[in-house]
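Here's the structure we're looking at; comments come further down.
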Amino acid sequence: MEFLLNEDQLALAETIRDYLAGTHGPDVLRRLDAGDNRDPVIWQGLVDMGLTGLLVPEEFGGLGLGLVDATLIARECGRACLAEPLVDTAFVVVPWLLAQGETEQMAAIVAGTAKPSVAHAINPWVSDGEGAALDSIDPLRNLTRQANAASSDPLLLDLGALMSAAQLVGLAEAMLDQSAAYAKIRTQFGQPIGAFQAVKHQLATAAVAIEFAKPVVWRAAQALTDGLSSASVHISHAKVAATDAAIQMAETAIQVHGAMGYTYEVDLHFWMKRSWALAGAWGSRAFHLKRIDDAVIGGGLAIGPAHTFA
Amino acid sequence: MDLVYTPEQQDFRAEVRAWMDAHVPREPLVTLECREGFDQHVIWERTLASGNWGMVTWPEAYGGRGLDLIQWLIFEEEYFRAGGPNRANQNGIFLLGPTIMEFGTPEQKARFLTPMAKGETMWAQAWSEPGAGSDMAAIGSKAVRDGDHYVISGQKTWSSRAAFADWGFGIFRTEEGSKRHKGLSFILFDLNSPGITRRPIRQLHGDTGFAELFFDEVRVPVENRIAGEGEGWKVAMATAGFERGLMLRSPGRFQATAKRLVDLYRKHEAKASPAAREAVMTAWMQAQAYAYNTYTVAAKIMAGGSIGAEASLNKIFWSELDRAMHRTAMQLLGAAAELRRFDDGRMNQWLEGYIFSLSGPIYAGSNEIQRNITAERLLDLPRVGAG
């Protein structure tokens, strides 16, 4: 049994992290927010990195990688608060189409010319769709009411929830970094506020929640890859754990930033708002808890010390 | 990553399961915080040793099985699945054992590890003093060199297992006038040595698990010192790292508690609140998350990595999870929660467990200390005060 992400996976994620840090920093978010939210140059950059084809089989020009790899990249998209619809298109719709044997659009998706988005009955609006615009609190989300018939396929929902969870982990990690950095430079009473235990302990508590959400997300991705019958329970677990960690982190982050965190000027709000948006997308907390409830209290899932992975 | 056990790992699990099913006592033992219960738990340690299951991660040369950490996790899962008792020699197995293996001389290893593996000597820890709790570097108990002996004077407190154990370990000031982390040495002592007075401390539940230790010119041979004179802090920090790192609380323990909590919920469902239902699901989720994380950390260590300040995240997580699970159980039990024994005569293990869980966020470095470590070493926030 191998529990660690392999070196290729980690190296790819690091490459994407560095790329987004260099090309998609807070200044870019502000520029997009002041303009029209999307930038073909940024999208082309993602295409050139091969990310639109990450999950597309090699025979259609993609990289043919797996869902665990995709969650690692989705986490980096969260960390960078990426505005472009990469995750929805390439990590949610692509594997859903492939599971149905639909390969027609693959070449165009890899090339970046097709960006399909599919609504699910549980959230009949999607980011970057064709329908009427909706007004999301997330200024970069481009939420639309989808005109085409919403699917109710559970696999689509599972993919959306899993990739949301992965993004929420990255969002939370970014907010932790921003808050720790701010706590080191903001001084009051003659010292950095990060020297006060009241501030330290809040950040440490949020760090614990993030640390223990991460392996749940990777485990869920592996369960879906392996086609385990319990995969949807693990995905719900991942969504709840990552959402709770991100919301707790967002509240801690604004508290640590004080009144500055309440302004539009400080970067934090982009990450906080994306977290709010993804928290309820692809199944609310109540929806996912219900699936866990049915399995754990309902008795459909074997639980206990000998059932960590089976 | 692939989360599938190898055939060898599955065979190993089956082997542990068969042995545990045949040997774990059917009735829970009396709490090990009293003489009768401690003696029962010592017998269990010897039963484990008879099957060579006492110290599974130790090298075979010292009475272990030389298992890797993944096998250890499988062993622990099966141990708790079978309802195995608490380990009376916890301090020896997981704290002192690894310390001696890392820092001890060959003679010390032969002298102390083998009897420990056989369940012949039970160990107590002696870290804290009345003035040195969270601030352990404030230790004042002295060990003054006199020829080939140290003469120990001072006081230790909150010494786990010291009421009934055979031997103790702790750090003492061996350099006259030294301050804080300097001038301390890590010394092992026979708890029955002349000059040691043990005063059992009656704990919250009324029993006496830990004790105060008074040292009145206790003579201890120099060869009982682990590592060099003055290196005690370094050794103690390594020991504390084992404690709150991986091995003090394996996930199987919490997964077993979460499973029992689900069973308890089903029994009391008609009268349970929606909040309790969510707390039960949270228990399962967090126990699983802790297990996934532990497997990951174990694999990292096996791949040559080490566990540093991340150990603090672990300690915060499991200790607060354990308290929350038992709190939920107390809520579900309602009026019966206060009973030490239920009407049918069974011990109320939830009450006992709840009381014990309250110590988790305090021992092995309080969770406030762990949050400081997290903030300062993982988030790089400024250090304040003595470190």
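So that the names make sense, note that chain A is the first sequence line, chain B the second, and so on, each numbered from 1.
In this structure, no portion of A:Ala241 lies under 4.5 Å from any heavy atom of chain B. The contact between A:His307 and chain B is made entirely by backbone atoms, counting heavy-atom distances below 4.5 Å. Proximity to chain A involves both the backbone and the side chain of B:Arg81, based on heavy atoms less than 4.5 angstrom apart. Residue B:Leu379 touches chain A through both its backbone and its side chain, counting heavy-atom pairs closer than 4.5 Å. Looking at B:Arg253, neither its backbone nor its side chain comes within 4.5 Å of chain A, counting heavy atoms on both sides. With a 4.5 Å cut-off on non-hydrogen atoms, A:Val233 touches chain B through its side chain but not through its backbone. Only the side chain of A:Gln9 comes within contact range of chain B, with at least one heavy atom under 4.5 Å from a heavy atom of that chain. For chain B, no part of A:Thr225 is nearby; none of its heavy atoms comes within less than 4.5 Å. The part of A:Leu301 that comes within reach of chain B is its side chain, from C-beta onward, which places non-hydrogen atoms under 4.5 angstrom from that chain. Looking at B:Tyr265, the atoms closer than 4.5 Å to chain A (heavy atoms on both sides) all sit in the side chain, from C-beta outward. For B:Asp380, the parts lying near chain A are the backbone and the side chain together; criterion is any non-hydrogen pair under 4.5 Å.
For residues 172-184 of chain A, the interface with chain B (any heavy-atom pair closer than 4.5 Å) comprises A:Leu176, A:Ala180, A:Ala183, A:Lys184, sorted by residue number.
No donor-acceptor pair under 3.5 Å is formed between the side chain of A:Arg219 and the backbone N or O of B:Tyr292.
Other residues, nucleotides and ligands contribute over 12 non-hydrogen atoms within 6.0 Å of the CD atom of B:Gln331. The number of heavy-atom neighbours closer than 6.0 Å to CD of A:Gln191, taken from other residues, nucleotides and ligands shown, is above 12.
With a 4.5 Å cut-off on side-chain heavy atoms, A:Lys200 and B:Arg371 do not count as touching. The shortest distance between side-chain heavy atoms of A:Ile297 and B:Val280 falls below 4.5 Å. Residues B:Ile70 and A:Phe3 are in side-chain contact: their nearest non-hydrogen atoms beyond the backbone lie under 4.5 Å apart. Considering only heavy atoms from C-beta on, A:His237 comes within 4.5 Å of B:Trp284 through its side chain. In this structure the side chain of B:Gln255 never reaches within 4.5 angstrom of the side chain of A:Ile303, judged on heavy atoms.
With values rounded to the nearest 0.5 angstrom, B:Met281 atom CE is found 13.0 Å from A:His288 atom NE2. Note: A:Leu203 CG to B:Leu378 CG = 12.0 Å, rounded to the nearest 0.5 Å.
Side chain to side chain, B:Glu77 and A:Thr308 meet the donor-acceptor criterion of an N or O pair below 3.5 Å. For the residue pair B:Asn372 and A:Gln197, a side-chain donor N or O sits within less than 3.5 Å of a side-chain acceptor on the partner.
A:Ala306 and B:Glu78 make their closest contact through CB-OE2, 3.5 Å (heavy atoms, listed as atom of the first residue, atom of the second, distance). Across A:Glu2 and B:Leu3, no two heavy atoms sit closer than the pair O-CD2, 3.8 Å. The minimum heavy-atom distance linking B:Asn293 with A:Glu211 is given by the pair OD1-OE2, 4.0 Å.
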key: side chain to side chain contact (heavy atoms under 4.5 Å, CB included) assessment of A:Phe212 paired with B:Asn314   = CA-CA 9 Å; A:Phe212 285 90; B:Asn314 275 10; 3.4 Å; yes
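Considering only heavy-atom pairs separated by less than 4.5 Å from chain A, the leading option among B:Glu320, B:Arg17, B:Glu76, B:Glu278 is B:Glu278. Counting heavy-atom pairs closer than 4.5 Å to chain A, the top residue among B:Glu368, B:Glu310, B:Arg277 is B:Arg277. Interface check for chain A: of the options B:Ala289, B:Ala291, B:Ala303, the most heavy-atom pairs under 4.5 Å are formed by B:Ala289.
Only one option out of A:Val240, A:Asp244, A:Val296 pairs with B:Met285 in a side-chain contact (heavy atoms from CB on, under 4.5 Å); it is A:Val240.
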